[in-house]
Amino acid sequence: MSRLRRLGLYGLLLTAFPAHAQGLNIASELLHGGMGIVAIGALSVLALAVTFERLANFRLVKVAPPDLAAEAEMLWRAGRFDQLRERAADGDSSLARILGWMVEQRHLPAEKLAARVAEMAGVELRLQQQKAYALNVVATVAPIVGLLGTVIGMIESFHVIAFNGMGDPTLLAGGISKALVNTAAGLSVALPSLAMHHVFRNRMVGIGIALERQLNRVLDGMPARTLEVVHAH
């Protein structure tokens, strides 16, 4: 193909697109995306709310404050259980709740107390993970809603073809645009949600290890004190 013919073909392709297509208005496209865009928008709001809540509250200082663990270890070894009980009651963390239970049940045998503490720590971590589960739901549902919008847009396009034929391709633009916008919107919401879901799962592992270590530090000072309580009874 000669250079002149190639230039002519490029010119034809450029004139085939409307002038406003070169300046795409994303907001306008979303407004004409149909109910699928509304559903995806609601899912995006849910994902943002859960993400911000988890970023603020699912942190080590909120779940297992290191200063509380150090103070609890000192109080437990010193046998100052009343102070430890008050300190745990003042906190609103998973570690504080477990320490409060440990103080009340310190008369239990060491092995049983340690096993129950491990169970409670597991429950606390699962509760924290459950609060981020909505991100997994959004990551799963958003692409499906986008796919549904895509199918609806293509149905509308074929409907236009059935009644108007292929004489004017611009008549198909609305349905095709709606289909593509729904797909893009669904993926744009799903991908960050999936990423944040994995971020919080990884964070849960790190916080779980830290919580386990802190509880073990407190339990290390337990056996002698437990024996004293048992003999006292």
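Everything numeric in this text was worked out from a predicted model, so none of it was measured.
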* Can you sort out the partners of Asn136 under side-chain hydrogen bond (donor to acceptor under 3.5 Å, both in side chains), two or more places apart, ordered by chain and number? => none

* Would you check if Arg106 and Phe81 make a side-chain contact, meaning some heavy-atom pair closer than 4.5 Å? => yes

* Would you mind reporting whether Ile207 and Phe200 have side-chain heavy atoms less than 4.5 Å apart? => no

* Structure fact -> Residue set satisfying side-chain hydrogen bond (donor to acceptor under 3.5 Å, both in side chains) with Glu86, at least two apart, ordered chain then number -> none

* Structure fact -> Hits for salt bridge (Lys or Arg N to Asp or Glu O under 4.0 Å) against Asp82, two or more places apart or cross-chain, chain-then-number order -> Arg85

* With sequence neighbours excluded, residues passing side-chain contact (heavy atoms from CB on, under 4.5 Å) with Val137 -> Tyr133, Val141

* Qualifying residues under salt bridge (Lys or Arg N to Asp or Glu O under 4.0 Å), relative to Glu124, sequence neighbours excluded -> Arg97

* Min side-chain heavy-atom separation Leu219-Trp76 under 4.5 Å -> no

* Asked: Linking Ile, Leu, Val, Met, Phe, Trp and Tyr by side-chain heavy atoms under 4.5 Å, what else ends up with Ile209?
  -> Val205

* Test side-chain contact (heavy atoms from CB on, under 4.5 Å) applied to Ala64 - qualifying residues, sequence neighbours left out -> Leu60, Leu95, Leu211, Gln214

* Contacts of type side-chain hydrogen bond (donor to acceptor under 3.5 Å, both in side chains), residue Glu212, not counting sequence neighbours -> none

* Of all residues at least two apart in sequence or in a different chain, which pass the side-chain hydrogen bond (donor to acceptor under 3.5 Å, both in side chains) check with Arg54? -> Gln128

* For Ser44, enumerate each residue passing the side-chain contact (heavy atoms from CB on, under 4.5 Å) test, keeping only those at least two apart in sequence or located in another chain. => Val189

* To do: Using the side chain to side chain donor-acceptor pair (under 3.5 Å) rule, collect all pairs that involve residues 55-68, keeping only residues at least two apart or in two chains.
  => Glu53-Asn57

* Asked: Got a sec, which residues hit side-chain contact (heavy atoms from CB on, under 4.5 Å) with Val123, two or more places apart in sequence or on another chain?
  -> Arg126, Leu127

